[in-house]
Amino acid sequence: MKKYPNVYVFDHPLIKHKVSILRDKNTSTKEFRELIEEIATVMTYESMKDVELVPVEVETPLETTMQYRVKEESVAIVPILRAGLGMVNGVHRVFPTARVGHIGMYRDENTLEPREYYCKLPEGVAEKTVFLVDPMLATGGSACDAITALKKRGVKKIKFMAIIAAPEGVEKVATTHPDVSIYVSTMDRCLNSDGYILPGLGDAGDRLFGTK
Ligand code: PRP
Ligand code: URA
């Protein structure tokens, strides 16, 4: 979305391929879970171009050289429960030692307003870059409130990653939190009257955990 300087929409052929399988109503829970994880890994690579590096001295078989490594302890992963949980392992593949916090949100089925029911974050989170993850960005209410919850606890650097987003939700998060980087793998058309993304993939939490 060129309109918002803090929004990055990936146009990655591998993600397109995987998202097309995710959308299919006949895709099994097992495959759905695996795909969410794989897409999260690709998105993490794509979104970490500005991640902090520290110089390290490395001895090759031939000589000593100065190289750079990611400052892994500077990263935390925070999934928005429930569906965000599906992306955690995917981000962990890139940052294996990252601490994990959890923010519990559910949408009221009638008002579509988010309700926070849980928040537990790692010690020192205020000093870390937080990868806030949720496969779905619909009205944007859950993401906006989760970002506010992180900011209240002092977090300054937030990267929000969503696999499928509606334009309405992207606009809401981008304008409410212009200081947050928003990474979206796929922009969909719109929301339906029940607040579901079209064409979307249905209820990500239910498909991930087989609850319906
Ligand atoms: C889904 C999804 C997001 C939220 C997006 O969660 O995982 O958190 O909806 O909608 P929004 O942008 O309109 O706020 P849901 O509320 O269904 O909870 P669940 O993951 O526990 O099923
Ligand atoms: N949450 C989902 O899981 N799917 C949608 O389409 C919208 C919100």
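Atoms within a ligand are numbered from 1 in the order they appear, just like the ligands themselves.
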Heavy-atom nearest neighbour in the protein, as seen from atom 4 (N) of ligand 2, with distance rounded to 0.1 Å: Gly202 O, 2.8 Å

Region of Ala204 that comes within reach of ligand 2 [heavy atoms, distance under 4.0 Å]: both

Top protein contact for atom 8 (C) of ligand 2, by heavy-atom distance: Arg107 NH2, 3.5 Å

N or O contact, Ala83 vs ligand 1, cut-off under 3.5 Å: yes

For atom 8 (O) of ligand 1, the option (of Leu208, Ile197, Thr211, Asp134) bearing the nearest heavy atom: Asp134

For atom 5 (C) of ligand 2, the protein heavy atom that lies nearest, with its residue and separation: Tyr196 CD2, 3.5 Å

Option of least heavy-atom distance to atom 7 (C) of ligand 2 (set: Gly195, Gly205, Ala165, Gly141): Gly195

Worked verdict on Glu34 versus Lys30 for salt bridge (charged side-chain N to carboxylate O under 4.0 Å, His left out): CA-CA 6 Å; Glu34 289 166 354; Lys30 174 177 178 286; 3.0 Å; yes

Under 3.5 Å: N/O of Ala138 near N/O of ligand 1: yes

Distance-only donor-acceptor check, side chains Thr139 and Arg107, under 3.5 Å: no

Identity and distance of the protein heavy atom lying nearest atom 6 (O) of ligand 2: Ile197 N, 2.8 Å

Exercise check, heavy-atom protein proximity under 4.0 Å to atom 6 (O) of ligand 1: no

Ligand 1-proximal atoms of Thr139, by part, heavy-atom distance under 4.0 Å: both

Atom 2 (C) of ligand 1 touched by protein heavy atom at under 4.0 Å: yes

Ring geometry between Tyr106 and Tyr117 (parallel below 30°, tilted from 30 to 60°, perpendicular above 60°): tilted

Residue Met136 vicinity, atoms of ligand 1 by number, heavy atom under 4.0 Å: 2 (C), 3 (C), 5 (C)

Parallel, tilted or perpendicular: ring planes of Phe95 versus Phe131, cut at 30 and 60 degrees: tilted

Short N or O distance, Gly140 and ligand 1, threshold 3.5 Å exclusive: yes

